[in-house]
Amino acid sequence: MTAAPSVAQVRFAAERERMAAEIVAMARETGSETGRPAFSDRVMAAMRTVPRHRFVPQSLAVSAYENRPLAIGDGQTISQPYIVALMTELLDPKPGDVVLEVGTGSGYQAAVLAEIVADVYTIEIVESLGRKAAAILSELGYTNVITRIGDGYNGWKEQAPFDGILVTAAPVEVPQPLIDQLKPGARLVIPVGGRFDVQDLLVIEKKADGSTLTRHTIPVRFVPLTRERR
Ligand code: SAH
């Protein structure tokens, strides 16, 4: 027998629905730039399911379903829900896919992907964040998320090639190892630009012959992709 949902759970579920409605409206407004005026049922179902309040510091749980980024410690942020939904949509994830995320952060984006695909490999360079994300993902039963601490610039060679790669920190240029680790037909969704600039959210598709096709979508603002000190 499952226990009846608590008052808090009911409230969070209602807030998640409101958040989903805001994402739908924002997708429509930005559709001409992103090419996706309506997100797929798959993506929206994931956004309606993942308990975002569990991925933010407890003191911010009341704000978890506001459509904005939130601070998660170590100078890092959990992305705005609309951006999480958009990046997931642009990746075109399918149920059997194996995908890579660079920049685990809170683990929220990884959980959204894990609702849709078979396996999610995710890399975080800040050890404390990576550990915290791994703990909450396992507590919530996301056994199909595999975490690692390290520099995601180099991708995850042992598990490559991937059906899709999503990067949630911004490099100045597209890392070649990530292109190399895409299957033919797969996509890389990545913000690219300077540290103090607004970045460009790119969708890079790898063709069957290995060449790439790059599409610009909207301006975004992510934390920089940092590199491991050697
Ligand atoms: N996807 C996250 C938000 C990411 S914030 C979420 O859903 O919460 C960006 C994260 O990328 C930060 O945690 C930052 O530490 C991490 N990061 C920055 N450079 C990185 C690198 N080279 N490899 C892996 N992670 C990196």
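Note that ligands are numbered from 1 as they come in the structure, with each ligand's atoms numbered from 1 the same way. Worth knowing before you read on, the calculation uses all heavy atoms, side chains too, and leaves out hydrogens, waters and symmetry mates.
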A.B. asks: What atoms of ligand 1 come within less than 4.0 Å of a heavy atom belonging to Val126?
C.D. replies: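 With Val126 as reference, the close atoms of ligand 1 come out as 15 (O).
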A.B. asks: Write down the atom of Leu129, the atom of Gly73, and the distance for their closest heavy-atom approach.
C.D. replies: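 Minimum heavy-atom contact is CD2-O, 4.2 Å.
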A.B. asks: Heavy-atom contact check, 4.0 Å cutoff: does Pro224 meet ligand 1?
C.D. replies: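 It does, in that a heavy atom of Pro224 comes within the 4.0 Å cut-off of ligand 1.
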A.B. asks: Evaluate the side chain to side chain contact (heavy atoms under 4.5 Å, CB included) criterion for residues Val220 and Val198: first the C-alpha distance (whole Å), next the side-chain angles of each, then the deciding distance (0.1 Å), finally the verdict.
C.D. replies: CA-CA 6 Å; Val220 287; Val198 168; 6.0 Å; no
A.B. asks: I need the nearest protein heavy-atom contact for atom 5 (S) of ligand 1: residue, atom name and distance, please.
C.D. replies: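 Among all protein heavy atoms, the one nearest atom 5 (S) of ligand 1 is Thr77 O, 3.2 Å.
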A.B. asks: Between Ser79 and ligand 1, is there a nitrogen or oxygen pair with a distance under 3.5 Å?
C.D. replies: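 It does not: no N or O of Ser79 is found under 3.5 Å from an N or O of ligand 1.
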A.B. asks: Hey, which atoms in ligand 1 end up nearer than 4.0 Å to a heavy atom of Ile78?
C.D. replies: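 Contacts of ligand 1 toward Ile78, numbered from 1: 8 (O).
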A.B. asks: Between Glu15 (side chain) and Phe12 (backbone), is there a donor-acceptor pair under 3.5 Å?
C.D. replies: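 Judged by distance alone, no pair lies under 3.5 Å.
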A.B. asks: I want to know if ligand 1 touches Gly103 in the polar sense, i.e. an N/O pair below 3.5 angstrom.
C.D. replies: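 In this structure, Gly103 places an N or O atom under 3.5 Å from an N or O of ligand 1.
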A.B. asks: For atom 8 (O) of ligand 1, find the nearest protein heavy atom and state the residue, atom name and distance (0.1 Å precision).
C.D. replies: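 Ranking protein heavy atoms by distance from atom 8 (O) of ligand 1, first comes Ser106 OG, 2.6 Å.
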A.B. asks: Out of all atoms in ligand 1, which are within 4.0 Å of some heavy atom of Thr104? Include the element for each.
C.D. replies: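 That gives atoms 1 (N), 2 (C), 6 (C), 8 (O) of ligand 1.
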A.B. asks: Any heavy atom of Gly150 sitting closer than 4.0 Å to ligand 1?
C.D. replies: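 Gly150: in contact with ligand 1 (<4.0 Å).
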A.B. asks: Taking atom CD of Gln58 as the centre, does the number of heavy atoms from other residues, nucleotides or ligands within less than 6.0 Å exceed 12?
C.D. replies: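 No, CD of Gln58 has 12 or fewer neighbouring heavy atoms, counting only those of other groups under 6.0 Å.
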A.B. asks: Quick one: which ligand 1 atoms are inside 4.0 Å of a heavy atom on Val223?
C.D. replies: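 Taking each heavy atom of Val223 in turn, ligand 1 has 9 (C) under 4.0 Å.
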A.B. asks: What's the shortest distance from atom 7 (O) of ligand 1 to any protein heavy atom, and which residue and atom give it?
C.D. replies: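 For atom 7 (O) of ligand 1, the nearest protein heavy atom is Gln109 N, 3.0 Å.
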A.B. asks: Would you call Glu124-Arg148 a salt bridge at under 4.0 Å N-O?
C.D. replies: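 Salt bridge: no.
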A.B. asks: Distance under 4.0 Å to a non-hydrogen atom of Asp151: what atoms of ligand 1 satisfy this?
C.D. replies: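 By the 4.0 Å cutoff, the relevant atoms are 21 (C), 22 (N), 23 (N).
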A.B. asks: Does ligand 1 have any atom that is closer than 4.0 Å to a heavy atom of Thr122?
C.D. replies: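 Distance cut 4.0 Å: Thr122 fails for ligand 1.
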A.B. asks: By number and element, which atoms of ligand 1 are closer than 4.0 Å to a non-hydrogen atom of Ala169?
C.D. replies: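 It comes down to these atoms of ligand 1: 11 (O), 18 (C).
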A.B. asks: Measure from atom 10 (C) of ligand 1 to every heavy atom in Glu127, Glu124, Arg148, Arg227 and give the option owning the shortest one.
C.D. replies: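 Closest candidate by heavy-atom distance is Glu124.
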A.B. asks: Could you identify the single nearest non-hydrogen protein atom to atom 22 (N) of ligand 1 and state the distance to 0.1 Å?
C.D. replies: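 Its nearest protein heavy-atom neighbour is Thr226 O, 2.6 Å.
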A.B. asks: Do NZ/NE/NH1/NH2 and the carboxylate oxygens of Glu22 and Arg18 come within less than 4.0 Å?
C.D. replies: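 Salt bridge between Glu22 and Arg18, a charged N being under 4.0 Å from a carboxylate O: no.
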A.B. asks: For residues Ala186 and Gly164, report the shortest heavy-atom separation together with the two atoms involved.
C.D. replies: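 Looking at all heavy atoms of both residues, the shortest contact is CB-N, 4.2 Å.
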A.B. asks: What residue and heavy atom of the protein are closest to atom 4 (C) of ligand 1, and at what distance?
C.D. replies: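 Of the protein heavy atoms, Thr168 OG1, 3.3 Å lies nearest.
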A.B. asks: What do we get for Leu129 next to ligand 1 when only non-hydrogen atoms under 4.0 Å count, side chain, backbone, both or neither?
C.D. replies: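 Under 4.0 Å from ligand 1, Leu129 contributes side-chain atoms alone.
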A.B. asks: In terms of side-chain geometry, is the basic nitrogen of Asp163 or Lys94 positioned less than 4.0 Å from the acidic oxygen of its partner?
C.D. replies: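 Salt bridge absent between Asp163 and Lys94.
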A.B. asks: Checking Thr104 side chain against Gly130 main chain: does a donor-acceptor pair fall under 3.5 Å?
C.D. replies: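 Here the side-chain-to-backbone pair does not exist.
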A.B. asks: Heavy atoms only, cut-off 4.0 Å: how does Gln76 contact ligand 1, side chain, backbone, both, or neither?
C.D. replies: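 Answer for Gln76: side chain.
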A.B. asks: Hey, is CZ on Arg48 packed in by over 12 heavy atoms from elsewhere, all under 6.0 Å?
C.D. replies: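 Yes, enclosed.
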A.B. asks: Please check: side-chain N/O of Tyr121 versus main-chain N/O of Val98, any donor-acceptor pairing under 3.5 Å?
C.D. replies: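 Here the side-chain-to-backbone pair does not exist.
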A.B. asks: Regarding Thr88 and Gln109, is there a side-chain donor-to-acceptor distance under 3.5 Å anywhere?
C.D. replies: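 Side chains of Thr88 and Gln109: pair found under 3.5 Å.
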A.B. asks: Would you confirm whether Asp200, through its side chain, and Val192, through its main-chain N or O, come within 3.5 Å as a donor-acceptor pair?
C.D. replies: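 Absent.
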A.B. asks: Does any N or O atom in Ile125 lie less than 3.5 angstrom from one in ligand 1, N or O only?
C.D. replies: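 In this structure, Ile125 places an N or O atom under 3.5 Å from an N or O of ligand 1.
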A.B. asks: Counting only heavy atoms closer than 4.0 Å, does ligand 1 sit against the backbone of Ile72, its side chain, both, or neither?
C.D. replies: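 For Ile72, no heavy atom sits under 4.0 Å from ligand 1.
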A.B. asks: What residue and heavy atom of the protein are closest to atom 23 (N) of ligand 1, and at what distance?
C.D. replies: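 For atom 23 (N) of ligand 1, the nearest protein heavy atom comes out as Gly152 N, 2.8 Å.
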